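Dropping the structure in here first, questions after.
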Amino acid sequence: MRTRIYRAAVIAVAALSLAGCATLRLGSHTDSGVVWSKYKTFDWGPADALPAGDARLDHDPVFRDRVEGAIEKAMAAHGFERSARSERPDLLIHYHASITERLNVDAQRYESSTLVVDVVDASTNVLMWRGWASGSVEGVLGNRHRLRRRIDNDVAGIFQRLPQRD
């Protein structure tokens, strides 16, 4: 009986520790003077040359396709259309993902990812909005199903903070 209680306590503490690492942190920043209703179309801006910091993402076309697809879906849900190749878009979208090693309060090391999405005015090249999500990727990298779900959740959370078009 005592062994079962001890085992249950150890499992509970381990689960709480992992849950603490798994918390998704979201944020955004926007220029308060932006009149979102004047923007209708978007396209992808030039990609940055910064690596994600992890070969599991740097060379993974599934990761890139999933992130870009989720962002395009979120922009459409906010009323923006992807511009035709022959047209100049109103907005340019850019994102960057990175993975770093972190240390939590219990001195446990874990890997944390950060996804940053920028929305830039295409005519002025001024950053209009930036949204981000970060959290542990323990058990996510190397598991396609969990990675897809994490990307979808991160992008959905980020875009909940994008101001609505008036």
Side-chain angles (χ1 to χ4, degrees), residues 10-31 34 36 39 41-78 80 82-83 89-122 125-164:
V10 169
I11 291 170
V13 168
L16 287 173
S17 295
L18 290 175
C21 294
T23 303
L24 183 64
R25 292 178 306 277
L26 299 162
S28 69
H29 173 74
T30 190
D31 183 354
V34 175
W36 287 96
Y39 300 101
T41 62
F42 74 94
D43 203 354
W44 291 100
D48 65 18
L50 298 172
D54 192 290
R56 295 169 288 187
L57 298 183
D58 287 337
H59 306 294
D60 187 351
V62 173
F63 170 78
R64 184 186 67 245
D65 290 345
R66 189 64 174 213
V67 170
E68 290 176 7
I71 291 172
E72 288 179 8
K73 182 179 174 182
M75 289 295 288
H78 276 77
F80 297 100
R82 180 137 187 224
S83 66
D90 299 324
L91 299 169
L92 294 174
I93 308 298
H94 169 78
Y95 73 92
H96 179 74
S98 65
I99 295 180
T100 57
E101 186 174 72
R102 303 279 173 120
L103 190 63
N104 71 11
V105 295
D106 297 324
Q108 293 178 329
R109 294 185 187 282
Y110 68 98
E111 290 181 303
S112 177
S113 68
T114 301
L115 176 64
V116 177
V117 179
D118 290 337
V119 177
V120 176
D121 183 308
N125 206 31
V126 171
L127 178 66
M128 309 303 288
W129 179 82
R130 172 173 282 167
W132 61 89
S134 65
S136 173
V137 290
E138 297 298 321
V140 174
L141 297 176
N143 182 317
R144 289 282 190 219
H145 176 71
R146 288 181 182 171
L147 180 62
R148 288 181 182 122
R149 189 173 38 187
R150 173 63 185 275
I151 290 168
D152 292 345
N153 289 339
D154 284 7
V155 171
I158 290 169
F159 276 89
Q160 284 179 348
R161 288 159 168 69
L162 181 70
Q164 293 294 320

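Residue numbers count from 1 along this sequence. Keep in mind that what you see is a predicted model, and the values were worked out from it rather than measured.
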Item to complete: Starting at CG of Leu92, measure out to CE of Met128 and round the result to the nearest 0.5 Å.
Response: 11.5 Å
Worksheet entry | Non-hydrogen side-chain atoms of Leu24 and Arg150 separated by less than 4.5 Å | yes
Fill in: His78 side chain vs Phe159 backbone, donor-acceptor pair below 3.5 Å
yes
Discussion item. Can you confirm whether Trp132 sits close enough to Asp154 that some side-chain heavy atom of one is under 4.5 Å from a side-chain heavy atom of the other?
Written reply: no
Item to complete: Only pairs at least two apart or in different chains count here, so list each salt bridge (Lys or Arg N to Asp or Glu O under 4.0 Å) that has a residue in residues 61-70.
Response: Arg66-Asp152
Worksheet item: Just wondering, do Val67 and Leu115 contact through their side chains at under 4.5 Å, heavy atoms?
Response: yes
Worksheet item: Any side-chain heavy atom of Pro89 within less than 4.5 Å of one from Arg82?
Response: no
Fill in: Check: Arg130/Thr30 side-chain N/O donor and acceptor closer than 3.5 Å
no
Discussion item. Test of understanding: with side chain to side chain contact (heavy atoms under 4.5 Å, CB included), list the residues that count as partners of Thr114, not counting sequence neighbours.
Written reply: Ser98, Arg102, Val116, Ser134
Practice prompt. Check whether any side-chain heavy atom of Ile158 sits under 4.5 Å from a side-chain heavy atom of Ile71, and report yes or no.
Written response: no
Discussion item. With a 3.5 Å distance limit and no angle check, can you tell me whether Thr41 reaches the backbone of Asp90 through a side-chain donor-acceptor pair?
Written reply: yes
Worksheet item: Do the side chains of Phe42 and Val120 get nearer than 4.5 Å, heavy atoms only?
Response: no
Fill in: Beyond-backbone contact of Ile93 with Asp43, side-chain heavy atoms, under 4.5 angstrom
no
Discussion item. Ser112 vs Arg25, test: side-chain contact (heavy atoms from CB on, under 4.5 Å). Steps then yes/no.
Written reply: CA-CA 11 Å; Ser112 177; Arg25 292 178 306 277; 4.2 Å; yes
Discussion item. Centre-to-centre under 6.0 Å for Tyr39 and Trp129, is that the case here?
Written reply: no
